[in-house]
Structure formats: C-alpha cells, structure tokens
Amino acid sequence: MKENTAMQNDDKNNYKYVFVCGLQRSGTSVLGRNVARLENCTGFKNTGVLQDEGQYLQDVYRTDRAYGGTGRYGFDPRAHLTETSDLLTPANIARLRSSWHAYWNNSKTICVEKTPGNLLMTRFLQAAFPNSFFIVMKRHPGAVSMATQRWKVSVTAIHRLFEHWLHCYGIFEQDKRYLKHVYELTYEGYVENPDKYHQEIARFIGTRVPEAPKDDEFRYVTQWPNPTGLRVPEYAMEDVTGAHNRKYFDRWSHLLTGSPFKGYYRYIARKYEPEFAKHRYSLTKGFGVTEEVLQRGKVSDIVGPLYCLGADAGAFMRRLSVRSKGQLKVTAKAVLPEFVVTRIRQAGQRQSLNKERAAARG
C-alpha cells in the first residue's frame with residue numbers, strides 16, 4: 001500500500017466526505033441530492049455539468065466516458081482505482097480537494113459527492129479523503145439495464161448490461177472489506193420508505209434530518225438530453241416513487257413472455273439468475289414465467305450464444321446510427337447561421353417544457 005499522502009492540514013476543520021455510489025440509473029442522483037439536504041451537509045449544485053457530478057469538476061482522474069461510458073466503463077481495468085494508484089500524489093490530492101471545495105459550501109462540514117464511478121473508486125477516495133463515508137445503492141438489474149438502454153447514444157445489449165452490473169458490484173464487494181464506513185441500501189427499499197433511510201443515513205454520517213420547509217425555492221439540474229434540466233426543490237426532500245420500477249418490470253415480463261425474441265431473453269434470464277440471486281435479485285420470479293416454462297422452451301448452449309451475438313450486433317448498429325445523427329447535428333451547427341441554430345434550440349426547449357408541464361398535470 002502506498003504511504004498515506006492525504007494532506008492532514010486539510011482536515012483541521014473536521015470535514016466529513018460522503019460519497020454516494022451506484023451504477024447509472026440506480027437512483028443515486030436523487031439520493032445524493034437528498035443526502036445533501038440533511039443538516040450541516042453540502043452538495044454540488046448549479047455547476048452546469050451533468051447531474052452536478054464531481055467527476056466533471058476535476059482533472060485528476062478520467063471520467064467514465066473515457067472508459068467506454070455508461071454500461072461499459074467498469075470493464076476497463078483502469079476505471080478501478082485503489083489506494084495503490086499512481087494518481088495518489090500530494091499534488092493530485094490537493095488539486096482534487098481544491099476542485100471540489102470550490103463548489104461545496106465550506107461553512108458546512110459534511111461534503112457530499114455523487115458520481116456513478118465512485119462504485120469502483122471507494123478505496124482511492126478513502127485514501128484521498130480519510131474521513132470518508134460511502135453510501136452504496138443497488139437497483140434491480142433488469143430496471144437498471146432497461147433504463148440504461150433508453151440513453152440511445154450508449155445502447156448496449158441487455159446481457160452485456162447484466163454482466164456490467166455483476167462485474168461492478170463484484171468489484172465493490174471485494175473492495176468494501178478495506179472501507180471503514182459503508183452504508184448499503186436498495187432502490188426498491190428506498191422508494192418504499194424514504195423517510196426511514198433518510199433517518200438511518202443521517203445517523204450514519206452524524207447529522208439529522210431537517211424539518212420540512214414551509215416555503216421553498218426551486219433550481220434546475222443539468223440533464224442529458226433534457227435542454228431545460230430537471231426542476232428540483234432547493235431544501236425539501238425530493239419525492240421518490242416505485243412507478244419507474246413497475247414500468248420496467250412490466251416490460252421485462254413482456255420480453256420474457258410475449259416478445260418475438262423471448263428465446264433470447266429466457267436464455268439470459270436462466271444464465272444470469274444464479275449470480276443475481278447472490279445479490280437477492282431475480283430475473284424470473286414474479287415475471288410471469290415458471291421454471292417449467294423456462295425448461296420447456298430451453299435454448300441450447302449453441303443457439304443461446306448466437307442470440308447474444310445477434311443482440312450485440314443490433315446494439316452496435318443502433319449506436320452507430322445515433323452517433324451518425326449526432327455528427328450530422330454538429331456539422332449543421334457549423335454550417336447554419338447562428339440565428340437558425342438558436343431558433344432550433346429554442347423550439348426544442350419549448351417542446352421539452354410543454355412535455356414536462358403535461359406530465360405534471362397527469
């Protein structure tokens with residue numbers, strides 16, 4: 001292990017550092033914002049970067065995009081950082097702390113940072129910030145994977161997303177034995193009883209849940225591809241709901257029972273079920289398929305991998321198509337007059353705002 005190069009003088013104010021961890025689409029964004037609303041806590045806001053994530057506010061380590069992006073970055077060994085990393089120099093630690101403290105409210109002593117890649121960097125972050133606490137969120141792999149596929153620019157076959165889920169949380173399981181302060185929860189438990197978890201997390205990091213404000217303000221969090229951003233309360237805890245999970249569960253059930261490619265989905269459900277069971281998740285139970293049905297329509301060990309190759313090829317073609325359209329947009333911006341580009345952007349913002357208002361009306 002490298003010598004502890006953390007700058008002890010930086011801790012003279014007894015700062016605590018809380019890192020919210022979990023794969024993209026696991027609910028870590030709303031959890032991170034709610035943790036930052038606890039008493040004496042401060043998080044990143046109004047930074048202008050996606051989801052106010054700390055990875056975009058520093059230049060010490062590379063962002064997950066450099067390693068393949070959502071659903072793939074965990075497979076790159078360079079994304080897994082520990083206390084043995086060559087990046088842990090006094091100068092880098094000082095620069096990382098300075099970068100983040102420029103956005104935290106330094107009158108508060110519990111500093112909250114949320115970045116999905118934190119899941120693979122817990123030991124590195126603990127070495128750089130000795131007084132650190134880790135809050136780790138898990139969400140059903142089916143919901144995470146289907147939600148990830150909605151980001152078309154990073155479309156990946158669902159079996160690869162299952163493998164990525166297992167790989168990343170497998171790394172964390174190995175790393176957590178080195179961590180001093182860890183709190184784990186599931187998205188499913190959180191949306192069912194958020195108040196319970198807010199109280200437990202507050203005790204874990206040594207603070208309290210504040211009283212709900214009588215009056216509140218609102219701010220916007222930068223999102224992709226939403227041009228207006230997500231409107232969130234400034235002080236009140238954000239509401240969470242299980243409706244999103246139910247939507248993805250219904251879709252997964254349909255893929256297993258009614259899809260023209262149900263042979264592929266049943267094959268990967270059987271293949272990955274034992275591994276997900278270790279994390280107390282199931283790809284089959286409660287989704288309308290019995291073990292008898294799965295066995296009766298069992299795909300051979302020859303055909304199953306061919307299904308997966310086809311899914312990989314289809315995902316690659318969709319990614320290629322989306323990125324080609326993106327390049328076309330870049331070219332159009334370079335060629336079209338500025339006022340035309342501005343009109344197009346404004347039209348898109350109005351359309352997004354109208355959709356948001358329609359959704360709010362129910």
Side-chain angles (χ1 to χ4, degrees), residues 23-26 64-80 116-117 119-120 138-172 247-279 281-285 287-328:
L23 291 180
Q24 285 98 334
R25 314 299 276 170
S26 294
D64 55 26
R65 292 178 183 174
Y67 303 125
T70 302
R72 292 188 294 278
Y73 67 90
F75 290 131
D76 193 316
R78 296 173 297 174
H80 180 211
L119 187 65
L120 307 182
K138 283 183 183 177
R139 186 183 184 186
H140 192 285
V144 167
S145 300
M146 286 183 284
T148 298
Q149 286 186 322
R150 291 188 62 192
W151 289 347
K152 296 181 181 179
V153 72
S154 58
V155 168
T156 303
I158 197 165
H159 69 278
R160 295 294 182 195
L161 294 171
F162 287 169
E163 291 174 358
H164 189 255
W165 193 106
L166 289 166
H167 182 73
C168 291
Y169 283 106
I171 288 175
F172 167 71
K247 176 180 66 176
Y248 292 123
F249 289 165
D250 288 344
R251 174 165 172 71
W252 180 242
S253 180
H254 169 72
L255 293 174
L256 288 173
T257 59
S259 167
F261 305 103
K262 60 180 177 285
Y264 162 67
Y265 294 109
R266 290 180 180 182
Y267 170 75
I268 62 175
R270 285 196 308 272
K271 179 179 179 179
Y272 296 106
E273 180 77 2
E275 292 303 311
F276 284 125
K278 297 175 183 177
H279 296 269
Y281 283 117
S282 174
L283 295 174
T284 60
K285 295 176 183 177
F287 294 107
V289 290
T290 63
E291 183 61 29
E292 180 182 356
V293 170
L294 288 173
Q295 290 299 326
R296 187 169 62 242
K298 187 174 181 178
V299 174
S300 72
D301 291 338
I302 297 176
V303 176
L306 292 177
Y307 273 144
C308 293
L309 285 174
D312 286 334
F316 173 77
M317 294 304 296
R318 290 196 297 275
R319 282 201 307 275
L320 190 63
S321 174
V322 170
R323 290 175 182 178
S324 297
K325 291 178 181 177
Q327 185 59 45
L328 183 62

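Bear in mind the structure is a predicted one, so any value in this text is a computation, not a measurement.
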key: Backbone N/O of Ser282 and side chain of His140: donor-acceptor pair under 3.5 Å   = yes
ask   = Do you know the tightest heavy-atom contact between Ser26 and Val144?
value = OG-CG2, 3.7 Å
note = Looking only at heavy atoms, the pair that brings Leu120 and Cys168 closest together is CD2-O, 3.8 Å
query = Passes side-chain contact (heavy atoms from CB on, under 4.5 Å), Leu23 versus His164? Steps please.
reply = CA-CA 9 Å; Leu23 291 180; His164 189 255; 4.0 Å; yes
request  = Apply side-chain contact (heavy atoms from CB on, under 4.5 Å) to Leu166 and Lys278, showing your working.
outcome  = CA-CA 10 Å; Leu166 289 166; Lys278 297 175 183 177; over 6 Å; no
request  = Please check if any side-chain donor atom of His159 sits under 3.5 Å from a side-chain acceptor atom of Tyr267, or the reverse.
outcome  = no
Leu161 versus Thr156, closest heavy-atom pair with distance = CD1-O, 3.7 Å
key: Heavy-atom closest pair, residues Ala79 and Tyr73   = CB-O, 3.5 Å
query = How far apart are the closest heavy atoms of Arg72 and Val155, and which atoms are they?
reply = NH1-O, 4.0 Å
note = What one should report as the nearest heavy-atom pair of Tyr248 and Ala143 is CB-CA, 3.9 Å
query = Got a second to check how far Gln149's CD is from Ile158's CD1, nearest 0.5 Å?
reply = 5.0 Å
Salt-bridge contact Arg160-Glu163 (side-chain N to carboxylate O under 4.0 Å) = yes
note = d(Met146 CE, Arg25 CZ) to nearest 0.5 Å is 12.0 Å
inquiry  = For Lys247, is the NZ atom crowded, meaning more than 12 foreign heavy atoms sit under 6.0 Å from it?
reply    = yes
remark   = Rounded to the nearest 0.5 angstrom, the OG1-CD distance for Thr70 and Gln24 is 3.5 Å
inquiry  = What's the separation between atom CG in Leu309 and atom OH in Tyr264, rounded to the nearest 0.5 Å?
reply    = 10.5 Å
query = Taking Phe276 as the fixed residue, which of Phe162, Tyr169, Tyr281 is the one that meets the ring-ring contact (aromatic ring centres under 6.0 Å, His included) rule?
reply = Phe162
key: Atom CZ of Phe75 with >12 non-hydrogen neighbours under 6.0 angstrom   = yes
query = When you measure from the side chain of Ser253 to the backbone N and O of Phe249, does any donor-acceptor pair fall under 3.5 Å?
reply = no
request  = Show the numbers, then the answer: is there a side-chain contact (heavy atoms from CB on, under 4.5 Å) between Leu256 and Trp252?
outcome  = CA-CA 6 Å; Leu256 288 173; Trp252 180 242; 3.4 Å; yes
query = Step by step, would you call Phe287 with Leu255 a side-chain contact (heavy atoms from CB on, under 4.5 Å)?
reply = CA-CA 10 Å; Phe287 294 107; Leu255 293 174; over 6 Å; no
